[in-house]
Amino acid sequence: MAGILIFAETPEHTLELLNAGGNIARDMGTKLVAFALKNEFAQDYIRHGADEVLLLQPAAQDQPLESYVPVLAQVAREEDPDVFLVGATQRGKEIGARLAAQLNAGLCSGCIGLELDKAKNLLQMDRLLYGGLAVQKVVCTARPQMATIAPRVFEPAPVAEGKEGKVREISVEPSSPVTVISRTAKPREAVDITEAKIVVCAGRGFEKQEDLKLARELADVLGGEVGCSRPIAEELRWLPEDLYLGISGKKIKPDLYIGVGVSGQVQHVTGIRDSKIIFAINRDENAPIFEASDYGIVGDLYQVVPVLIEELKKALKK
């Protein structure tokens with residue numbers, strides 16, 4: 001086949017990988033192929049750039065998502081793709097690693113960028129190192145070149161007007177020696193902060209838990225959500241861990257991030273670096289957060305935030 005294969009756990013993530021893979025497919029002059037877990041998504045993938053959709057057989061209720069690994073590996077051996085991109089969800093990371101092992105291929109885990117070296121027809125893949133302090137460039141010389149890509153690293157692929165493609169069913173049934181006895185949804189203590197367009201992040205500059213109402217009020221005025229730095233969630237327990245932003249917490253990509261009393265250590269910045277606009281409020285003019293910010297105010301959050309809230313309320317009334 002010589003093309004680009006894409007597998008992701010959700011249709012939303014698949015559209016993002018179609019965007020990442022589509023750019024490379026055009027540069028390589030090859031086709032873009034997406035796996036689909038349900039037939040209802042197939043035509044949507046084609047509308048967003050897929051040349052072909054491979055429809056997988058549904059897994060039995062007692063089978064985990066990882067049961068698709070042998071099927072994906074078999075397809076890859078038969079089709080011999082140039083590139084295989086896998087969505088790096090919690091389960092997707094395991095699928096990508098097991099696939100790479102079965103195919104004897106190199107894998108760039110946590111890939112944040114792709115670029116084709118046209119002279120060698122090889123991908124240069126970027127991933128973060130040392131908590132975001134450095135970017136490593138990875139080149140895999142074996143086929144297929146593989147990468148796992150987290151949600152929201154790329155924008156969803158735009159609709160390709162008039163795009164046509166074909167849907168092909170994969171007859172092999174997924175199977176695994178692991179049997180799922182039961183499934184219990186993990187209770188969520190907070191909103192999904194990764195979906196918010198505006199995030200107000202509370203940092204250690206807040207002196208008391210009740211003062212977090214300032215961050216909440218600012219977020220409400222802007223129609224956003226409240227997140228926090230690691231100490232607020234893990235050490236002080238003032239907010240749920242679902243709201244902690246950083247390298248070992250949630251990674252976000254909002255239109256606007258406002259850090260209030262956040263120092264901005266590299267572990268935190270790694271989780272917010274893809275925000276379209278970063279705005280910081282901190283009384284320490286040397287706080288690292290300002291180096292990552294598009295805009296900033298040096299001042300006491302207890303003085304700045306109330307004024308900012310009132311000014312925003314006035315502006316929104318006009």
Side-chain angles (χ1 to χ4, degrees), residues 1-38 41-56 68-69 71-73 75-89 91-93 95-97 99-100 103 105-118 120-127 137-168 170 253 274:
M1 179 188 87
I4 296 177
L5 285 178
I6 285 171
F7 176 82
E9 188 174 351
T10 66
E12 295 81 10
H13 202 172
T14 301
L15 295 184
E16 295 169 12
L17 297 190
L18 282 172
N19 189 10
N23 296 330
I24 301 302
R26 284 188 290 272
D27 289 341
M28 297 180 74
T30 190
K31 65 178 182 178
L32 184 61
V33 181
F35 286 99
L37 296 173
K38 293 183 179 180
F41 303 132
Q43 291 303 319
D44 196 37
Y45 295 164
I46 292 172
R47 288 179 59 247
H48 286 82
D51 298 298
E52 185 176 7
V53 174
L54 303 180
L55 183 60
L56 296 167
Y68 283 105
V69 170
V71 182
L72 300 177
V75 172
R77 292 189 190 99
E78 293 172 353
E79 303 291 344
D80 189 29
D82 298 293
V83 178
F84 201 148
L85 304 179
V86 179
T89 55
R91 293 189 294 181
K93 293 175 186 177
I95 289 173
L99 268 175
L103 298 174
L107 173 69
C108 176
S109 59
C111 179
I112 61 169
L114 302 164
E115 184 178 353
L116 179 66
D117 182 340
K118 295 183 180 180
K120 299 179 180 178
N121 204 38
L122 291 174
L123 287 182
Q124 290 186 344
M125 299 174 280
D126 295 340
R127 64 189 298 268
K137 287 193 175 295
V138 178
V139 175
C140 299
T141 55
R143 292 173 64 94
Q145 301 166 79
M146 294 189 65
T148 57
I149 302 175
R152 286 169 291 279
V153 170
F154 291 90
E155 295 292 330
V159 173
E161 297 296 342
K163 176 70 177 178
E164 296 183 358
K166 63 178 181 179
V167 179
R168 177 157 56 101
I170 302 300
K253 196 175 183 179
D274 291 327

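Closest of all the heavy-atom pairs between V167 and A42 is CG2-CB, 3.9 Å. A88 and A150 get closest at one heavy-atom pair: CB-N, 3.7 Å. Here the closest non-hydrogen pair linking A34 and A50 is CB-CB, 4.4 Å. F154 and G113 get closest at one heavy-atom pair: CZ-CA, 4.4 Å.
Counting only distance, with no hydrogens or angles, the side chain of K253 and the backbone of V153 share a donor-acceptor pair below 3.5 Å. Using modelled atom types, one side-chain atom of R127 and one backbone atom of S109 make a donor-acceptor pair closer than 3.5 Å. Remark: the backbone N or O of G3 is paired with a side-chain donor or acceptor of D82 at under 3.5 angstrom.
A salt bridge between E79 and R143 is absent, with no side-chain N of the basic residue lying under 4.0 Å from a carboxylate O of the acidic one. The pair D51-K163 meets the salt-bridge criterion, with a side-chain N (NZ, NE, NH1 or NH2) lying under 4.0 Å from an Asp/Glu carboxylate O.
To the nearest 0.5 Å, the span separating CD on E115 from CG on D126 amounts to 8.0 Å. Here the straight-line distance linking atom CZ of F7 with atom CG of L54 works out to 11.5 Å at 0.5 Å rounding. Between the CG atom in D274 and the CD1 atom in I112 there is a gap of 7.5 Å [rounded to 0.5 Å]. Interatomic distance, CE of M125 versus CG of L116, reported as 11.0 Å (0.5 Å rounding). How far CG of L107 is from NZ of K93: 12.0 Å, rounded to the nearest 0.5 Å. Distance check, rounded to the nearest 0.5 Å: OG1 of T89 to CD1 of I95 gives 6.5 Å.
Between V83 and L5, every side-chain heavy-atom pair lies at or beyond the 4.5 Å cut-off. Put simply, the side chain of P144 reaches to within 4.5 Å of the side chain of L103, judged on heavy atoms.
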inquiry  = Using the rule given for side chain to side chain contact (heavy atoms under 4.5 Å, CB included), can you reason through F41 versus V53, listing the C-alpha separation, both sets of side-chain angles and the distance that settles it, and then say yes or no?
reply    = CA-CA 9 Å; F41 303 132; V53 174; over 6 Å; no
inquiry  = Checking Q145 against C108 for the side chain to side chain contact (heavy atoms under 4.5 Å, CB included) test, could you report, in this order, the C-alpha distance in whole Å, the side-chain angles of both residues, the deciding distance, and whether it holds?
reply    = CA-CA 8 Å; Q145 301 166 79; C108 176; over 6 Å; no
message = Is there a side chain to side chain contact (heavy atoms under 4.5 Å, CB included) between I6 and V33? Walk through the geometry before answering.
response = CA-CA 6 Å; I6 285 171; V33 181; over 6 Å; no
ask   = Would E164 and I46 satisfy side chain to side chain contact (heavy atoms under 4.5 Å, CB included), going step by step from the backbone distance to the final call?
value = CA-CA 7 Å; E164 296 183 358; I46 292 172; 5.6 Å; no
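Between F84 and F35, the ring-plane angle classifies as parallel under the 30° and 60° cut-offs.
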Result block: side-chain N/O donor-acceptor pairs under 3.5 angstrom for residues 10-20, not counting sequence neighbours:
unit_1 : atom_1 : unit_2 : atom_2 : d
T10    : OG1    : H13    : N      : 3.2
H13    : NE2    : I149   : O      : 2.9
T14    : OG1    : T10    : O      : 2.9
E16    : OE1    : R152   : N      : 2.7
N19    : ND2    : E155   : O      : 2.8

